[in-house]
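Here the structure is laid out as structure tokens; the discussion comes afterwards.
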Amino acid sequence: MRSFLFVPGDSLRKFENAKKTAADALILDLEDSIAPDEKIGARSTVREMLAARNPVQKIYIRINALDTGMTLGDLAAVIPGRPDGVVLPKCAGAADVNKLSLYLDAFEAAAGIENGATRIVTVATESARAVLKLMDFENMSPRLWGMMWGAEDLAASLGASKNRTGRRYHGPFLLARDLCLIAAAAAGVVAIDTIATDINDLETLREEAIAARQDGFLAKAVIHPKHVDVVNAAFLPTDEEIAWSEKVVKAFNDNPTSGVVKIDGKMIDKPHLRAAEKILALRRT
């Protein structure tokens with residue numbers, strides 16, 4: 001999956017528009033995009049959305065954080081609708097993931113859903129504490145499927161007046177981004193890049209998405225339908241990358257007992273082979 005499109009959980013109109021996009025997944029939001037006094041009512045709207053989903057798109061639900069007192073109510077409302085996964089905001093490490101996993105065990109059983117069917121994606125950098133807990137995923141539930149980083153809530157946690165200047169994030173936010181990527185790789189789950197907040201700046205979006213893919217992110221979150229095609233295109237490898245990767249794979253196939261091969265005067269080893277295989281896998285998604 002390349003693109004995760006956020007959809008306010010109280011807007012059937014925006015959901016219908018989102019269904020028409022090429023987004024690989026939709027995140028139906030019960031958290032930040034919903035006014036506090038509308039959150040309970042939005043649960044039933046999300047259930048309607050689940051019942052009317054586009055079968056080619058995965059559906060995730062961003063629930064309210066564990067410390068809000070709303071998590072169980074959110075899950076009770078949406079899990080019977082069989083979403084593909086749940087996005088956990090304000091997550092601070094394995095303990096939060098495991099608590100949510102236990103809740104999901106119960107709600108899946110009550111709804112007659114196969115245990116473990118509902119994936120978990122964490123928003124893993126929304127506070128200073130959460131960033132420090134990024135390496136605390138060694139004993140997490142196998143439900144954990146992905147980790148997303150974000151810069152907006154982190155700015156408030158740090159007391160920062162801004163998180164970027166022009167097209168560049170400031171140091172603390174780049175650190176959170178990179179640690180999220182590394183933590184996801186260490187945990188063996190998908191790293192998801194953050195949203196681009198400027199809806200109309202498609203060039204910056206494209207640059208961010210290309211940089212994210214080149215660094216190792218496998219997907220990017222977006223907040224507007226017109227961002228979807230830009231992100232999807234950016235997460236496809238270039239013709240040059242594909243040609244090089246095919247050359248690397250062929251060289252190792254031709255020399256199956258060798259740990260190192262020579263291509264165009266360069267020594268290429270097994271890490272290069274693994275990277276090439278990942279690029280070719282992206283081509284097929």
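Please read these numbers as outputs of a predicted model, since none were measured by experiment.
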Between Lys58 and Asp24, is there a salt bridge with N-O shorter than 4.0 Å?
no
Using modelled atom types and a 3.5 Å cut-off, is there a donor and acceptor pairing between side-chain atoms of Ser258 and backbone atoms of Asn255?
no
Would you mind checking if Glu31 and Lys90 are paired as a salt bridge, meaning a charged N to carboxylate O distance below 4.0 Å?
yes
Donor-acceptor check, side chain of His227 to backbone of Leu202, threshold 3.5 angstrom: yes or no?
no
Before accepting this row, confirm whether a basic side-chain N of the pair Asp105/Arg143 lies closer than 4.0 Å to the acidic partner's carboxylate O.
yes
For Asn232 and Ser3 the tightest heavy-atom approach is OD1-OG, 2.7 Å
Any side-chain to backbone donor/acceptor pair from Asn54 onto Thr21? Under 3.5 Å, distance only.
no
Ile195 CD1 to Ile27 CD1 distance, which is reported to the nearest 0.5 Å:
10.0 Å
Begin with the C-alpha distance, continue with both residues' side-chain angles, and end with the deciding distance and a verdict on side chain to side chain contact (heavy atoms under 4.5 Å, CB included) for Leu28 and Tyr60.
CA-CA 6 Å; Leu28 310 182; Tyr60 286 73; over 6 Å; no
Met135 with Leu88, same ILVMFWY side-chain cluster at under 4.5 Å
yes
Go through Ile79 and Arg82 one step at a time and tell me if the side chain to side chain contact (heavy atoms under 4.5 Å, CB included) criterion holds.
CA-CA 5 Å; Ile79 295 304; Arg82 298 176 180 264; over 6 Å; no
Gap between atom NZ of Lys39 and atom CD1 of Ile63 - 0.5 Å precision
11.0 Å
Taking atom CG of Leu132 as the centre, does the number of heavy atoms from other residues, nucleotides or ligands within less than 6.0 Å exceed 12?
yes
Side chain to side chain contact (heavy atoms under 4.5 Å, CB included) partner of Ile192, chosen from Thr122, Val87, Val121:
Val121
With a 3.5 Å cut-off and no angle check, do the side chains of Glu126 and Ser157 form a donor-acceptor pair?
no
Residue pair Val97 / Cys91: nearest heavy atoms and the distance that separates them
CG2-SG, 3.9 Å
Is any side-chain heavy atom of Leu104 less than 4.5 Å from a side-chain heavy atom of Leu102?
no
Quick check against the 3.5 Å criterion: does Gln57 have a side-chain atom that pairs as donor or acceptor with the backbone of Ala18?
yes
Test item: Asp29 side-chain N/O and Ser33 main-chain N/O as donor-acceptor pair under 3.5 Å
yes
Taking the side chain from Arg62 and the backbone from Pro89, do they hold a donor-acceptor pair closer than 3.5 Å?
no
Shortest non-hydrogen separation from Pro225 to Leu5 and the atoms involved
N-CD1, 4.0 Å
Shortest non-hydrogen pair, Ala212 vs Phe235, comes out as CB-CZ, 4.1 Å
Heavy-atom pair with the smallest gap, counting every atom of Val228 and Ala23
CG1-N, 3.3 Å
Between Arg13 and Glu16, is the closest basic N to carboxylate O distance under 4.0 Å?
no
Taking C-beta and beyond as the side chain, do Lys247 and Asp264 meet within less than 4.5 Å on heavy atoms?
yes
Consider only side-chain heavy atoms of I, L, V, M, F, W and Y, link residues closer than 4.5 Å, and tell whether Val260 and Val249 are in one cluster.
no
Taking Ser127 for its side chain and Ala130 for its backbone only, find out whether a donor-acceptor pair lies under 3.5 Å.
yes
Under a 4.0 Å threshold between the charged nitrogen and the carboxylate oxygen, would Arg177 count as salt-bridged to Asp215?
yes
Does atom NZ (Lys14) have a neighbourhood of more than 12 heavy atoms from anything else shown, all under 6.0 Å?
no
So does Lys226 have more than 12 non-hydrogen atoms from other groups sitting under 6.0 Å from NZ?
yes
Just by distance, with hydrogens left out, do Asp201 and Thr204 show a side-chain donor and acceptor under 3.5 Å apart?
yes
Please check if the side chain of Thr118 supplies one atom and the backbone of Gly85 the other of a donor-acceptor pair under 3.5 Å.
no
Straight-line distance of Ile120 CD1 to Met147 CE, nearest 0.5 Å:
12.0 Å
For the salt bridge (Lys or Arg N to Asp or Glu O under 4.0 Å) test, which of Arg168, Arg167, Lys220, Arg213 pairs with Glu207?
Arg167
Starting at OG1 of Thr125, measure out to CG of Leu134 and round the result to the nearest 0.5 Å.
7.0 Å
Quick check: is Phe173 connected to Ile182 through a chain of hydrophobic side chains (ILVMFWY, heavy atoms under 4.5 Å apart)?
yes
Does any part of the side chain of Leu26, heavy atoms only, come nearer than 4.5 Å to the side chain of Phe15, both counted from C-beta?
yes
Single-linkage hydrophobic cluster, 4.5 Å side-chain cutoff, Leu30 and Leu12 together:
yes
Heavy atoms, side chains only, cut-off 4.5 Å: are Leu75 and Leu100 in contact?
yes
Within a reach of under 6.0 Å around CG of Asn115, are more than 12 heavy atoms found that belong to other residues, nucleotides or ligands?
yes
Show your reasoning for whether side chain to side chain contact (heavy atoms under 4.5 Å, CB included) applies to Asn163 and His170.
CA-CA 6 Å; Asn163 56 32; His170 296 173; 5.8 Å; no
If every non-hydrogen atom of Asp10 is compared with every non-hydrogen atom of Ala42, which pair is closest and at what distance?
CB-CB, 4.2 Å
About how many Å separate CZ of Phe107 and CG of Asp74, when rounded to the nearest 0.5 Å?
9.5 Å
Take Glu152 and Arg164, measure what salt bridge (charged side-chain N to carboxylate O under 4.0 Å, His left out) needs, and give me the verdict at the end.
CA-CA 10 Å; Glu152 306 309 313; Arg164 65 191 298 163; over 6 Å; no
Give me the ring orientation class for Trp149 and Tyr169: parallel if the planes are under 30° apart, tilted from 30 to 60°, perpendicular past 60°.
perpendicular
Side-chain heavy-atom pair Leu144, Phe137 within 4.5 angstrom cut-off
yes
Check against side chain to side chain contact (heavy atoms under 4.5 Å, CB included), Arg119 and Val86:
CA-CA 6 Å; Arg119 297 168 167 175; Val86 171; over 6 Å; no
Are Ile34 and Phe6 linked, directly or through intermediate hydrophobic residues, by side-chain heavy-atom contacts shorter than 4.5 Å (ILVMFWY only)?
no
Within the structure provided, determine whether Tyr103 and Leu66 are in side-chain contact (heavy-atom separation under 4.5 Å).
yes
Nearest 0.5 Å please: distance from the CG atom of Leu205 over to the CG atom of Asp198.
9.5 Å
